[in-house]
Amino acid sequence: TQGLLCALYREINEEDKSIDFGKRSIENAKKIGDKFRETASLIELSRTYEKYKNYSSALELLNNAVTIATDLQAKELLFKIHKDRAVVLKHLENYKSALESFESYFTLEKEVFNEKSNEKMQQLQVTFEVEKKEREAEIYRLRNVELQSANDEILRQQEILEKQAAEIELANTELNEKNLLIEEAHTLSESLLLNVLPPAIAARLKANENPIADRFENVTVLFADIAGFTHLSSSISPETIVGMLNDIFTEFDAIADKYGLEKIKTIGDNYMCVGGLPEVMENNTEAVARFAIEIREIIKNFDSGYGIDINARIGFHTGPVVAGVIGKRKFAYDLWGDTVN
């Protein structure tokens, strides 16, 4: 009752009453040793804290709930807890842990769904076998009954079998759809991470390596600035400017991949890439030079459509750098050192 009152007062924005009844519910559950009730009460109170933006308190309660529910092997409670925990961690800007909780939620939800689906299919199979035996007995008893009546009964039983088969097929379809959604979510999360960081760095980040920082003694850093673009941007629409930059830099990206270079970032109309990291490349200076020659030709032959010639100012230097991942809210793989300067 107190857990229900906690939820009701939360719905009508009575924060203090909701927190008070939530705490009472937890204490009462502890007194009687009801771990399931204690876990449910922790979840309710954490939702109140989350609603009123007390995210640290909400996370603490959910962490306690995870421990208890894990001991109880209560999967249905666990996947609800991980779902709430992912939301709270997102508010706290701990995106890596939020992603892990969200993946745990999907995994546990899949297990619970599979278990329920298996149980339902077993029940349907038992029902099927029982009804099959009953049908055979009924057919035997009706053997001497009028032939048409026997045929009608057979048709009725056939409809029952088809319905049960359809239910089993539907359960299998729902299970396959759920598995596909889980796979798509995992693929999307992997794709997003690899779109931000080099694969080797992404793997280290997923392995909880922190901080990620390396020194490279011999790499080649290149900057390419599109001369005349600032003047051009003042006379044409933003959509056109962005489209032109996208066309140019997309070609740059393809050539960088061709020579095994790592794109670091773009700054306005400036493109930065490096050869020789995160994987060591013996001929990185030659690769960067060939990249520079090709992008110079791209800029030279680029048709802006506005009768304005644009040129590239390209510079590169070889030497040592420090490279690493910075930021928690938005990951960035960057370089520092005199070589970059």
Side-chain angles (χ1 to χ4, degrees), residues 93-97 99 189-230 233 241-242 244-299 302 310-341:
E93 298 185 353
N94 189 344
Y95 296 113
K96 184 174 182 296
S97 296
L99 177 60
S189 66
E190 288 289 319
S191 176
L192 290 173
L193 190 59
L194 292 176
N195 200 37
V196 175
L197 301 174
I201 301 302
R204 292 166 63 184
L205 182 64
K206 288 172 63 179
N208 295 320
E209 182 177 339
N210 185 35
I212 294 177
D214 302 295
R215 180 181 298 278
F216 296 89
E217 297 300 330
N218 183 34
V219 302
T220 302
V221 180
L222 176 143
F223 284 91
D225 175 71
I226 301 175
F229 217 84
T230 301
S233 66
I241 283 294
V242 172
M244 291 172 62
L245 278 177
N246 183 63
D247 291 342
I248 294 170
F249 287 163
T250 297
E251 292 196 56
F252 283 15
D253 289 344
I255 299 171
D257 289 341
K258 171 183 175 181
Y259 289 110
L261 308 182
E262 187 67 44
K263 175 184 177 181
I264 302 300
K265 58 187 172 182
T266 60
I267 310 166
D269 57 8
N270 193 304
Y271 187 96
M272 176 184 180
C273 68
V274 60
L277 63 75
E279 302 296 336
V280 174
M281 180 194 299
E282 294 297 331
N283 61 339
N284 61 75
T285 303
E286 178 184 343
V288 170
R290 293 185 181 278
F291 172 82
I293 291 171
E294 289 201 29
I295 66 172
R296 182 182 62 178
E297 291 303 311
I298 288 174
I299 295 297
F302 185 78
I310 57 176
N311 296 292
R313 294 178 295 196
I314 306 169
F316 57 88
H317 190 71
T318 299
V321 297
V322 172
V325 176
I326 57 174
K328 290 185 177 180
R329 191 155 179 257
K330 291 183 179 179
F331 297 120
Y333 184 65
D334 212 341
L335 314 178
W336 303 271
D338 289 340
T339 302
V340 177
N341 297 339

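All residue numbers in this chain count up from 1 along the given sequence. Basis for what follows: all heavy atoms, side chains included, without hydrogens, waters or symmetry-related copies.
Scanning all heavy atoms of the two residues, the minimum distance from Ile299 to Ala312 falls at CG2-N, 3.5 Å. Nearest heavy-atom pair across Leu277 and Ala323 is CD2-CB, 4.3 Å. Residues Ala287 and Met281 come closest through the heavy atom pair CB-SD, 3.9 Å. When all heavy atoms are compared, the tightest approach of Phe316 to Ala292 is CE2-CB, 4.3 Å.
Within the structure, the side-chain hydrogen bond (donor to acceptor under 3.5 Å, both in side chains) test picks out the following pairs touching residues 288-298 (sequence neighbours left out): Lys258-Glu294, Tyr259-Glu294, Glu286-Arg290.
Between Asn341 and Asp338, the closest side-chain pair of non-hydrogen atoms falls below 4.5 Å. Counting heavy atoms from C-beta outward, Ile314 and Phe291 have side chains that stay 4.5 Å or more apart.
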Practice problem: Would you sort out whether Val274 and Val340 count as a side chain to side chain contact (heavy atoms under 4.5 Å, CB included), showing the intermediate values? | Solution: CA-CA 10 Å; Val274 60; Val340 177; over 6 Å; no
Quiz item: After noting the C-alpha distance and the side-chain angles of Asn311 and Arg313, does the key distance pass the side chain to side chain contact (heavy atoms under 4.5 Å, CB included) rule?
Solution: CA-CA 7 Å; Asn311 296 292; Arg313 294 178 295 196; over 6 Å; no
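The structure places CE of Met272 at 7.0 Å from CD1 of Ile267, a figure rounded to the nearest 0.5 Å. Atom CH2 in Trp336 sits 5.0 Å away from atom CG in Asp334 (nearest 0.5 Å). The distance from atom CG of Asp253 to atom CD1 of Ile248, rounded to the nearest 0.5 Å, is 12.0 Å. Taken to the nearest 0.5 Å, the CG atom of Leu245 stands 5.5 Å off from the CD1 atom of Ile226. Rounding to the nearest 0.5 Å places CD1 of Ile293 at 11.5 Å from CD1 of Ile255. The distance from the CG atom of Leu222 to the OG1 atom of Thr285 is 11.0 Å, given to the nearest 0.5 Å.
One N or O on the side chain of Thr339 and one on the backbone of Pro320 form a donor-acceptor pair closer than 3.5 Å. A distance-only check finds a donor-acceptor pair linking the side chain of Asn284 to the backbone of Asn218 [under 3.5 Å].
Applying the side-chain contact (heavy atoms from CB on, under 4.5 Å) test to Asp257 and every residue at least two apart in sequence or in another chain returns nothing. Applying the side-chain contact (heavy atoms from CB on, under 4.5 Å) criterion to Glu282, with sequence neighbours excluded, gives Val280.
Between Phe252 and Tyr271, the two ring planes are perpendicular [angle over 60°; tilted spans 30° to 60°].
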